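Shown next, in structure tokens, is the structure this report addresses.
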Amino acid sequence: MAKYVLLKFKINNNFSDWEKTFYAAQPFARKAGINSISHSYNVSDNKSIMVLMTVDNQQSWENFYNENKELISSSGHILESTQTEYYEN
């Protein structure tokens, strides 16, 4: 069964600056069992971001997020704005 995480959050910089850190973090995320499928900004609010990922399990995402908050925050991601949804198929 495939497992997905959908993140929605705000950033305090521009999308291209946020995206640089996002791409730099991908090797670490992959080692944790997290693979990005898509990421984009809302067309009516370019500070609103969504990221869709596959995960080995919900705990792998939660561990990665909690262990890397400093890196995630340095991208411009406003941690307090994060909405996390879990899906399976």
Side-chain angles (χ1 to χ4, degrees):
M1 180 179 310
K3 296 178 180 5
Y4 302 91
V5 176
L6 176 63
L7 296 181
K8 295 178 185 177
F9 56 90
K10 297 279 194 174
I11 57 174
N12 60 16
N13 55 0
N14 65 52
F15 182 75
S16 63
D17 287 338
W18 168 82
E19 195 175 41
K20 290 174 189 173
T21 305
F22 175 79
Y23 282 133
Q26 290 308 294
F28 306 110
R30 286 187 198 107
K31 286 181 184 176
I34 301 163
N35 293 288
S36 173
I37 296 172
S38 180
H39 63 280
S40 59
Y41 59 87
N42 185 305
V43 294
S44 61
D45 177 7
N46 64 5
K47 302 273 187 197
S48 293
I49 308 299
M50 79 81 171
V51 178
L52 179 62
M53 305 168 280
T54 61
V55 295
D56 290 341
N57 56 63
Q58 182 174 334
Q59 194 63 48
S60 62
W61 165 249
E62 291 172 359
N63 290 344
F64 181 81
Y65 182 79
N66 289 324
E67 293 169 6
N68 292 283
K69 284 184 176 181
E70 188 174 319
L71 172 64
I72 294 166
S73 180
S74 76
S75 72
H77 180 142
I78 301 170
L79 298 177
E80 299 79 23
S81 71
T82 305
Q83 298 174 17
T84 306
E85 299 175 10
Y86 298 95
Y87 295 87
E88 292 184 355
N89 144 341

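None of these values were measured; they are calculated from a predicted model. Atoms considered below: every heavy atom in the structure, side chains included; atoms not considered: hydrogens, waters and symmetry mates. Nothing fancy with the numbering, it's 1 onward along the sequence.
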Donor + acceptor pair across side chains of Asn63, Glu67 (<3.5 Å):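 No, no side-chain donor-acceptor contact under 3.5 Å.
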
How far apart are the closest heavy atoms of [X] and [Y], and which atoms are they?
| X | Y | answer |
| --- | --- | --- |
| Val51 | Ser36 | CG1-OG, 4.5 Å |
| Met53 | Ile34 | SD-CG2, 3.5 Å |
| Ser60 | Gly33 | OG-O, 4.5 Å |
| Ser75 | Asn13 | O-ND2, 2.9 Å |

Kindly check if the number of other-residue, nucleotide or ligand heavy atoms within 6.0 Å of [atom1] ([X]) is above 12?
| X | atom1 | value |
| --- | --- | --- |
| Tyr41 | OH | no |
| Gln59 | CD | yes |
| Phe28 | CZ | no |

Taking a hydrophobic cluster as the set of Ile, Leu, Val, Met, Phe, Trp and Tyr residues connected by side-chain heavy atoms closer than 4.5 Å, whether directly or through intermediates, do [X] and [Y] fall within one such cluster?
| X | Y | result |
| --- | --- | --- |
| Phe15 | Ile78 | no |
| Tyr65 | Leu6 | no |
| Tyr23 | Ile11 | yes |
| Tyr4 | Ile49 | no |
| Phe64 | Leu52 | no |

Would you say that Asp56 contacts Lys3 through its side chain, given a criterion of any heavy-atom pair below 4.5 Å between the two side chains?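 Of all side-chain heavy-atom pairs linking Lys3 with Asp56, none is under 4.5 Å.
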
Evaluation steps, side-chain contact (heavy atoms from CB on, under 4.5 Å), between Tyr86 and Val55: CA-CA 10 Å; Tyr86 298 95; Val55 295; 5.6 Å; no

Begin with the C-alpha distance, continue with both residues' side-chain angles, and end with the deciding distance and a verdict on side-chain contact (heavy atoms from CB on, under 4.5 Å) for Lys10 and Asp45. CA-CA 9 Å; Lys10 297 279 194 174; Asp45 177 7; 2.5 Å; yes

For a side-chain contact (heavy atoms from CB on, under 4.5 Å) check, start with the C-alpha distance between Asn14 and Asn46, then their side-chain angles and the critical distance, and finish with the verdict. CA-CA 8 Å; Asn14 65 52; Asn46 64 5; over 6 Å; no

On the 0 to 90° scale, with breaks at 30° and 60°, tag the Phe22-His39 ring pair as parallel, tilted or perpendicular.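 Taking His39 first and then Phe22, their aromatic rings sit tilted (interplane angle of 30° to 60°).
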
Is there a donor-acceptor pair closer than 3.5 Å between any side-chain N or O of Thr82 and the backbone N or O of Leu79?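 Yes, because the side chain of Thr82 sits within donor-acceptor range (under 3.5 Å) of the backbone of Leu79.
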
So how far is it from Asn68 CG to Ser74 OG, rounded to the nearest 0.5 Å?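 Here the rounded value is 10.0 Å.
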
